[in-house]
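Below is one structure, written out as structure tokens; the observations come after it.
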Amino acid sequence: MRILVLSVSLVLAACASAPSAPVGQGEHSHDVSTEGIAPAWDAARIDPILARTQRLHLAADLSALTPGEQTAVRELIAAGERMHLLYIEQRHPAGRAAAAYLEAHPELRGERDLFRLSAGPIVTTLDNTREPFLTVARETPARNIYPAGVTRETMDAFIAANPARRATLLDDRTVVVDATDENRAHALMVLDHHPVLDTLHPGLRARLQSEQTYLALPYSVAYAHDILFISARLNAAADAVEAGDAAFARYLRLRARDLLADDYEGGDAAWVTGDFTGNLNAQIGAYETYDDAMYGVKTFFSLSLLVRDRARSAELQEALGDIQRVEDALPYTSDREVRSDIPVGVYNIVADFGQARGTNTATILPNEAYLARQYGRTILMRGNILLNEELFEETHRAFAAAVIDAQGDDLTPEGGFYRTLWHEIGHYLGVDQTADGRDLDAALEDTADLLEEMKADLVSLTSARILNQRGRISDAQLRGIYASGIRRVLQKNRPRREQPYQTMQLIQWNWYLEHGALRFENGRLRIDYRRYPDAVTGLLREVLAIQRAGDRARANAFVERWTQWRPDLHEVIATRMRESERNRFTIVTYQALDGPAQSPQ
Ligand SMILES: [Zn+2]
């Protein structure tokens with residue numbers, strides 16, 4: 001199995017295609033020193049993790065692609081492989097060296113599998129701790145996007161004393177480095193060698209010349225060599241699809257420029273509002289902040305290459321005709337008019353890179369409120385994950401262990417698919433700012449995400465009820481969606497407060513218990529489908545009211561009230577679910593990237 005993404009020919013191509021090449025922060029992969037890197041674990045530590053790891057091979061059907069699209073796929077995979085390395089570099093100072101080391105050691109199969117699983121040299125163990133399996137430093141909250149050794153306290157103190165520096169230091173697309181002479185000289189040299197970056201970042205040169213203590217380097221400057229390579233691949237892909245899908249080509253060209261400017265507005269606008277007529281779509285760039293353990297503001301690189309499922313996408317567009325009815329049925333007072341031309345499509349994954357790699361079921365982007373308000377958001381449903389048999393079997397085992405025998409088969413893959421679909425659309429509906437006009441993020445801070453995700457879950461279940469009333473889905477389909485709504489909220493472990501998804505799921509679990517949608521019987525749960533719709537409406541009413549009030553204290557009190565975890569109830573169910581578990585982790589491989597599936601060793 002080909003595990004690592006960087007081949008020798010790719011490195012040569014990169015060097016040949018880049019303009020005069022300055023040395024950047026680890027941007028010359030072939031120059032990365034792997035000295036001092038060696039295996040840190042024996043088989044006794046590696047094997048138990050791999051024994052709980054399933055392998056998922058995605059082989060999207062590419063037979064409908066035009067020759068131009070096939071060329072674009074090759075170019076975008078080359079861009080994705082480079083972005084994957086950038087992601088590895090962002091997450092750990094020795095990440096890229098570790099990748100190069102394992103590339104040179106094909107015999108270290110276990111380590112290579114762990115690296116593939118973890119996108120780096122730090123793995124999550126079965127005890128939910130994070131450990132290095134190679135001889136590299138432990139993970140720190142600074143990752144490799146703030147200076148090594150910096151803590152939140154030191155950074156907070158610096159920003160408090162230098163408030164004018166906040167915007168660039170906490171920008172979502174800058175790397176913070178120490179303001180050493182070497183770092184300063186290097187960044188200025190990058191601007192000298194690549195005037196395009198100088199031009200696209202007005203004021204940057206002066207900042208780099210004068211600022212003390214820390215420097216905030218735009219990603220395109222910090223990773224210049226890689227970003228220029230990726231940008232060139234996107235332009236080449238655009239050329240290949242120009243004749244058949246001009247709107248997609250325009251998006252790719254704008255994104256190629258966005259990456260050089262570290263400003264995605266142009267590409268995002270073209271992406272969200274563009275009428276792509278071909279078979280391809282792609283999420284490209286640094287969007288999600290989950291990997292920034294210090295401030296949760298720095299975005300990490302990803303690329304998802306997707307092929308459209310035309311039949312399911314068309315079916316979906318039709319269902320959106322009912323979206324205003326769903327909005328009008330939500331339990332709050334509003335005369336909000338929602339657009340029915342939401343750009344939503346069903347896709348199969350050709351290959352995922354960087355932060356996007358894994359078993360994500362759907363994407364909704366961009367995140368920035370001002371962009372979403374101006375252009376909307378695009379929703380990409382990932383069909384070959386949502387409807388994947390192996391993944392469904394694992395989630396079904398947990399559900400069947402938690403509920404009474406008679407309800408074990410209420411869960412269906414299709415139910416999960418539609419519940420997830422309407423969850424994403426749910427982000428478009430309901431309260432989108434506080435009554436006094438503030439952004440929900442600003443008003444509710446660390447509770448904003450939790451409430452927004454819970455709202456989307458509950459809007460999804462409300463939509464299912466309305467689609468059923470309208471005759472668009474059958475009673476059996478509705479039951480599958482409702483069962484999926486219950487599966488979603490059951491937890492295998494007591495959530496920590498900083499885990500927004502798990503916390504809001506526990507809130508729902510407790511709410512359903514108290515409002516009779518769930519009953520605890522002889523160590524199992526019974527779903528009362530009759531009382532379920534009212535329980536959903538009641539909780540959604542609370543959530544929308546808290547969002548509208550924008551009151552952080554009230555939000556926190558609500559979370560506190562609904563997150564109890566009883567050893568004689570939650571823990572009983574959680575234990576049953578844990579005991580049903582065969583796989584904890586998943587290694588995903590892709591036909592277009594890794595070749596045909598390998599039979600298990
Ligand atoms: Zn969501």
Side-chain angles (χ1 to χ4, degrees), residues 268 271-272 283 287-291 296 299-300 302 304 306 316 319-320 323 326-327 330 338-339 342-347 349 352 355-356 358-369 371-373 375-383 385-386 391 395 415-433 439-441 443-464 481-482 484-491 495 498-509 511 536 539-540 542-544 546-547 555 559:
D268 281 346
W271 188 34
V272 171
Q283 171 199 322
Y287 280 105
E288 300 292 357
T289 59
Y290 309 119
D291 286 289
T299 55
F300 283 67
S302 68
S304 282
L306 307 161
L316 205 85
L320 284 177
I323 192 170
V326 175
E327 167 66 25
L330 299 182
V338 292
R339 46 189 296 195
I342 294 175
V344 53
V346 182
Y347 297 87
I349 300 161
D352 280 336
Q355 188 273 333
T359 55
N360 302 333
T361 53
T363 304
I364 177 164
L365 286 172
N367 291 323
E368 293 96 326
L371 292 176
R373 258 200 299 279
Y375 308 106
R377 285 183 170 142
T378 188
I379 301 174
L380 311 163
M381 304 296 299
R382 300 153 68 90
I385 295 290
L386 279 161
L391 292 175
T395 195
F417 176 81
Y418 284 107
R419 190 192 55 73
T420 307
L421 170 63
W422 282 93
H423 169 102
E424 299 304 335
I425 293 168
H427 284 301
Y428 267 92
L429 306 182
V431 173
D432 64 347
Q433 54 184 355
D439 273 356
L440 295 174
D441 277 349
L444 295 164
E445 294 183 19
D446 49 341
T447 311
D449 279 358
L450 179 160
L451 290 168
E452 178 62 23
E453 291 305 326
M454 187 150 57
K455 178 197 80 175
D457 269 8
L458 298 165
V459 170
S460 174
L461 297 168
T462 304
S463 312
I481 294 168
Y482 277 172
S484 172
I486 295 299
R487 167 63 191 94
R488 158 95 160 162
V489 305
L490 304 179
Q491 304 296 306
E498 71 270 20
Q499 296 181 297
Y501 284 89
Q502 288 88 338
T503 299
M504 68 91 184
Q505 287 158 7
L506 176 58
I507 292 171
Q508 292 183 65
W509 184 357
W511 182 278
V536 168
L539 181 52
L540 182 53
E542 290 282 328
V543 171
L544 294 172
I546 294 170
Q547 287 185 311
V559 172

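Counting starts at 1 for both ligands and their atoms, following the listed order. Only heavy atoms go into these numbers, but all of them, side chains included; no hydrogens, no water, no symmetry mates. Values in this document were obtained by computation on a predicted structure and should not be read as measured data.
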* Residues in side chain to side chain contact (heavy atoms under 4.5 Å, CB included) contact with Ser304, at least two apart in sequence or another chain -> Gln283, Leu306, Asp352, Ala356, Arg382
* **Under the side chain to side chain contact (heavy atoms under 4.5 Å, CB included) test, residues paired with Leu490 that sit two or more places apart** => Ala402, Ile486, Trp509, Leu525, Met577
* To do: Check ring pair (Phe, Tyr, Trp, His ring centres under 6.0 Å) between Tyr418 and all other residues, then give those that pass, not counting sequence neighbours.
  => none
* To do: Give the total of protein N/O/S atoms at a distance below 2.8 Å from the Zn ion (ligand 1).
  => 3
* Any side-chain donor near an acceptor of the partner, Gln508 and Asp457, under 3.5 Å -> yes
* To do: Check Thr299 against Tyr287 and note the closest heavy-atom contact, atom names and distance.
  => CG2-O, 3.1 Å
* Closest heavy-atom pair and its distance - Ile546, Leu451 -> CG2-CD1, 3.8 Å
